[in-house]
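Below is one structure; the comments refer to it alone.
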2 protein chains.
Amino acid sequence: MGGPTGDDLVEMLAALANPIRLRIVATLASRRDYVSQLAREIGVSRPLLHMHLRRLEAAGLITGRLELSDDGKAMKYYEVTDFDLHLTASAVAEAAQTLTMPDSGKGPAPKEST
Amino acid sequence: MGGPTGDDLVEMLAALANPIRLRIVATLASRRDYVSQLAREIGVSRPLLHMHLRRLEAAGLITGRLELSDDGKAMKYYEVTDFDLHLTASAVAEAAQTLTMPDSGKGPAPKEST
DNA sequence: TTCACGTGTCATCTTTTTCTTACACGTGAA
DNA sequence: TTCACGTGTAAGAAAAAGATGACACGTGAA
């Protein structure tokens with residue numbers, strides 16, 4: 001039972017549930033890369049890539065750090081983390097127990113009269 | 001390398017990346033259930049639950065079949081499938097190769113002049 | 001018939017994601 | 001200075017997802 005909490009799991013799954021972000025992780029899996037170069041390889045604009053990178057980093061799937069190149073430019077390099085998610089029905093059932101519910105459970109069940 | 005295709009993976013992940021749907025899978029993991037009862041237990045309206053169930057079934061994570069109860073009512077019972085997703089950076093990298101791209105790769109890379 | 005319970009769908013509204021365009025800043029080289 | 005390349009962010013349009021309410025249909029029991 002070392003899995004992530006329900007909320008964290010949802011965030012990780014949501015982060016991976018997108019073609020572009022899947023591609024970002026796939027690209028970074030082979031070698032780390034900096035933002036502009038990554039944008040060119042994947043074929044998306046930098047602002048868009050920036051947004052996707054933030055989502056992936058917030059979910060803990062990648063990490064980025066700013067470095068200075070030889071010619072003095074500030075480059076932000078990203079790389080993947082060693083995430084390892086094993087998804088089965090029982091794993092999901094366990095994580096779901098730690099889900100932060102909006103308010104259900106205390107509120108009255110949705111009325112369904114005619 | 002028996003994993004799902006990139007598109008299928010995205011669909012499965014998107015299906016699980018939601019608190020309510022996570023709860024549905026968790027509930028069905030212990031015992032199968034029919035729609036109205038499930039809606040009461042989870043605390044959502046039937047139309048909403050119906051939509052989430054469709055998404056989960058489309059992703060292949062649950063299956064439903066219509067049965068007739070003793071008192072002649074048509075009940076739709078759902079249960080979880082034996083899905084087993086192992087998510088690592090390399091697994092993602094492999095699945096990403098079979099992603100159906102909108103059009104990138106052929107289209108001109110996003111211009112970024114000025 | 002009317003009620004309670006089961007099924008499903010459609011139209012609509014609200015919220016969130018996704019994406020583009022435009023801007024700002026910094027550095028090294030021509 | 002101007003250009004090329006790197007960084008980041010903010011505003012707004014477009015698209016998708018989430019959620020609700022009102023329907024319609026069927027059956028058994030009061």
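Excluded from the calculations below are hydrogen atoms, water molecules and symmetry mates; all remaining heavy atoms, backbone and side chain alike, are included. Numbered from 1 within each chain, the chains take letters A, B, ... in sequence-line order. Because the structure is a prediction, the values reported are computed rather than measured.
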- request: For DNA chain C, determine which residues of residues 4-16 of chain A have any heavy atom closer than 4.0 angstrom to one of its atoms, and list them numerically.
  value: none
Taking only N/O atoms, report every protein-nucleotides 9-15 of chain D pair under 3.5 Å with atom names and distance.
unit_1: D/dT9; atom_1: OP2; unit_2: A/H50; atom_2: NE2; d: 3.4

task: Please state how far atom CG in B/L48 lies from atom P in D/dG21, giving the value in whole angstrom units.
output: 11 Å
message: Can you measure A/R21 atom CZ to C/dT18 atom P for me and round it to whole angstrom units?
response: 4 Å
Measure all distances between protein nitrogen or oxygen atoms and nitrogen or oxygen atoms of nucleotides 28-30 of chain D, and list the pairs falling under 3.5 Å.
none

- line: Between the CG atom in A/L16 and the CG atom in A/L61, the distance rounded to the nearest 0.5 Å is 5.0 Å
- prompt: At what distance, to the nearest 0.5 angstrom, does CG of A/D7 lie from CE of A/M12?
  reply: 11.0 Å
With [X] via side chain to side chain contact (heavy atoms under 4.5 Å, CB included) - residues at least two apart:
X     : answer
B/S30 : none
B/T81 : B/T63, B/F83
B/Q37 : B/D33, B/Y34, B/R40, B/E41
A/V80 : A/V25, A/L28, A/I62, B/A89

message: Pairs counted only when both distances fall under 3.5 Å, Watson-Crick or G-U: show me the 5' to 3' dot-bracket for DNA chain D, [ ] for pseudoknotted crossings and | for other-strand partners.
response: ||||||||||||||||||||||||||||||
Indicate every side-chain donor-acceptor pair of residues 47-55 of chain B with a distance under 3.5 Å to a residue at least two apart or in another chain.
unit_1: B/H52; atom_1: ND1; unit_2: B/R21; atom_2: NH1; d: 3.0

- request: Kindly write out the residues that satisfy salt bridge (charged side-chain N to carboxylate O under 4.0 Å, His left out) with A/D71, not counting sequence neighbours, or none if the list is empty.
  value: A/K73
- request: Determine, stepwise, if the pair A/L13 / A/L87 fulfils side chain to side chain contact (heavy atoms under 4.5 Å, CB included).
  value: CA-CA 10 Å; A/L13 292 173; A/L87 290 179; 3.6 Å; yes
message: Run the side-chain hydrogen bond (donor to acceptor under 3.5 Å, both in side chains) test against B/T98 and tell me which residues pass, sequence neighbours left out.
response: none
query: Can a side chain N or O of B/S45 be found less than 4.0 Å away from OP1 or OP2 on D/dG21?
result: no
Presence of A/R55 side-chain N/O under 4.0 Å of C/dC19 phosphate oxygens OP1/OP2: no
query: Taking the side chain from A/E67 and the backbone from A/Y77, do they hold a donor-acceptor pair closer than 3.5 Å?
result: no
task: Only pairs at least two apart or in different chains count here, so list each salt bridge (charged side-chain N to carboxylate O under 4.0 Å, His left out) that has a residue in residues 76-96 of chain A.
output: A/R65-A/E79
